[in-house]
Protein chains: 2
Amino acid sequence: MTGSDTRAKLLTAAQDALRDDGIAALSARSIAARAGVNQALVFYHFNSVGELVETACRRACDDSVLFYREQFAAVGSLAELLEVGRELHERERGLGNVAMMAQLMAGAQRDDVLASAARYAMSTWNAEIESVVRRVLVGSAFADIADPAGLARAISAGFIGLELYDGIDRLGAQQALDALQRLGVLVEVMDDLGPVASRALRARVRRTSRAGRATHA
Amino acid sequence: MTGSDTRAKLLTAAQDALRDDGIAALSARSIAARAGVNQALVFYHFNSVGELVETACRRACDDSVLFYREQFAAVGSLAELLEVGRELHERERGLGNVAMMAQLMAGAQRDDVLASAARYAMSTWNAEIESVVRRVLVGSAFADIADPAGLARAISAGFIGLELYDGIDRLGAQQALDALQRLGVLVEVMDDLGPVASRALRARVRRTSRAGRATHA
DNA sequence: GTCTATACACCGATAGAC
DNA sequence: GTCTATCGGTGTATAGAC
């Protein structure tokens, strides 16, 4: 090895610190203490605390997306998507990558380095989710009205908020996910209508949508 | 007056600082500088920075909910709810109460005082939104499958995430809201089906829902 | 109620021994 | 590559003059 595992220890320590203590309590000293190494090594291996956090978040994001990729690939329906979403949330409660991203975004408001890391993480997740949404929508009755890119962003952002909310009210977050899952069943059923009803619905949606847009504009 | 307006100035300064600079950059000095008063006054009027922030957030939350109350009262359909949601988001971009709450929740992970303020804010919003959702669902085809309390929590948490996301990607957040609004139109149309189709849908939903729950449990 | 001055802890970051 | 020691800066919080 070119170097010891200090670098790696700092990266995971940064991740843990961000998840457990939040962006407000983050410092080179707290991260180093968590990693069991000297504080000065933060600046040797990375140039600043910000860059360490950035690197850690990018890596965690890539790992996380890679981990869920095959589960996402197996998703063929909205119900399955919601089920994967539930499992993801359950797993994330322990692993905390999404919570880490939430802290990253909170800190990104005034820190350009963190902001770029946050943008990278969100766009990575968005791309992944968008492809799943697109696939689920193929042949659907409302494929032409739904916007996969926008929905993917809504889902990503929604999860960020949900994970933050989970941190202060676990039961409430659970309740929210349950409600969404139930609503998902509804849409699923709708999409499962016969071809005649489906066509009628499609026409109607198009009409109402245009009207709504016109009113709005 | 028993005292000058220093107290009030500190409260709004805390609000602004939390919104603009985030929880990570928050300090008695930065807040006092923003308010144009001496740093020591933070500890005279409030006992600590945490208590100042707590008070500011509770007040801002109450004000904000009160402000939107009449708009919420006028909501009679899902489309209108989504429209109010859009206006709220537009207004919040400038005023920043939701962004403030997002920062509050980010800081609440390890701070009990902030956590209690965050819980207060969220439950206040949840109660308000829940009553609107409940009203919108009255007489709806899927009134018996939707859970107003859960949906209200999902909406609140979702907005938190969306506002954080807006801070790093304005266009993406816009796109997400557009997609949701379009999806809202869909549900609206669905709910507008004839009584026969509506009854069939309801029965089907109940059946599928039970199956899904059973599989899940 | 508001100010100055000050205590003490922690922060990021660097220099230099090993 | 890792450590100790240290700098200047900022944080919370308090004491005391006004």
Side-chain angles (χ1 to χ4, degrees), chain A residues 1-18 20-57 103-104 106-117, chain B residues 1-18 20-57 103-104 106-117:
Chain A
M1 291 289 186
T2 90
S4 67
D5 53 350
T6 295
R7 213 185 126 91
K9 275 199 268 188
L10 280 173
L11 283 171
T12 60
Q15 195 174 337
D16 295 347
L18 201 52
D20 295 341
D21 301 339
I23 187 80
L26 205 70
S27 74
R29 289 178 144 91
S30 67
I31 296 172
R34 216 178 251 268
V37 303
N38 191 278
Q39 169 260 151
L41 293 174
V42 167
F43 305 95
Y44 174 79
H45 286 287
F46 309 87
N47 295 321
S48 68
V49 179
E51 283 182 51
L52 163 56
V53 171
E54 187 196 11
T55 310
C57 287
Q103 292 292 333
L104 179 67
Q109 239 65 24
R110 275 274 145 177
D111 188 316
D112 292 338
V113 179
L114 295 189
S116 94
Chain B
M1 292 289 187
T2 91
S4 66
D5 52 350
T6 295
R7 213 186 126 92
K9 275 199 269 187
L10 280 172
L11 283 171
T12 61
Q15 193 175 338
D16 295 347
L18 200 53
D20 296 342
D21 300 340
I23 187 78
L26 204 70
S27 73
R29 287 180 143 92
S30 67
I31 296 172
R34 219 179 250 267
V37 303
N38 191 279
Q39 168 260 152
L41 294 174
V42 167
F43 304 95
Y44 173 78
H45 287 287
F46 309 87
N47 295 320
S48 67
V49 178
E51 283 182 52
L52 163 56
V53 171
E54 187 197 10
T55 311
C57 287
Q103 292 292 332
L104 179 67
Q109 239 65 25
R110 274 275 144 176
D111 188 316
D112 292 338
V113 179
L114 295 189
S116 93

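So that the names make sense, note that chain A is the first sequence line, chain B the second, and so on, each numbered from 1. The shown structure was predicted, so the numbers you read here are calculated from the model rather than taken from an experiment.
Regarding A/Lys9, its NZ atom lies at a distance of 11 Å from the C1' atom of D/dT2, rounded to whole Å. When rounded to the nearest whole Å, the span between CD of A/Gln39 and P of C/dA13 equals 10 Å. Whole-Å rounding puts the B/Glu51 CD to D/dA13 C1' distance at 13 Å. One interatomic measurement links the two molecules: CZ of A/Phe46 to C1' of D/dT2, which rounds to 15 Å at whole-angstrom precision. The distance from atom CG of A/Asn38 to atom C1' of C/dC18 is 13 Å, rounded to the nearest whole Å. Note: CG (A/Leu41) to P (C/dT14) measures 14 Å, nearest angstrom. Protein atom CG of B/Leu52 is 14 Å distant from nucleotide atom C1' of D/dA13, rounded to whole Å.
Contact detail for B/Leu104 and B/Ala117: the closest heavy-atom pair is CD2-C, 3.9 Å. Minimum heavy-atom separation, A/Ala17 to A/Ile31: CB-CG1, 4.3 Å.
Counting non-hydrogen atoms under 4.0 angstrom, B/Val49 reaches the backbone sugars and phosphates but no base.
Side-chain atoms of A/Arg34 and A/Asp21, non-hydrogen and from C-beta on, do get closer than 4.5 Å to each other. The side-chain heavy atoms of A/Val37 and A/His45, taken from C-beta on, include no pair separated by under 4.5 Å. Looking at heavy atoms from C-beta onward, A/Leu18 lies in side-chain contact with A/Cys57 at the 4.5 angstrom threshold.
Note on B/Thr6: a side-chain N or O is less than 4.0 Å away from OP1 or OP2 of C/dT2. OP1 and OP2 of C/dC10 both lie 4.0 Å or more from every side-chain N or O belonging to A/Ser27.
In this structure, of C/dT2, C/dT4, D/dA13, it is D/dA13 that holds the atom nearest to the side chain of B/Ser48. The nucleotide whose nearest atom lies closest to any side-chain atom of A/His45 is, among C/dG12, D/dT2, C/dT2, D/dT2. Among the nucleotides D/dT12, C/dC3, C/dA15, the one closest to the side chain of B/Ala28 is D/dT12. Nearest to the side-chain atoms of B/Phe43 among the listed nucleotides D/dT14, D/dG11, D/dT6 stands D/dT14. Closest approach to the B/Tyr44 side chain among C/dT2, C/dG12, D/dT12 is made by C/dT2 (side chain taken as heavy atoms from C-beta onward).
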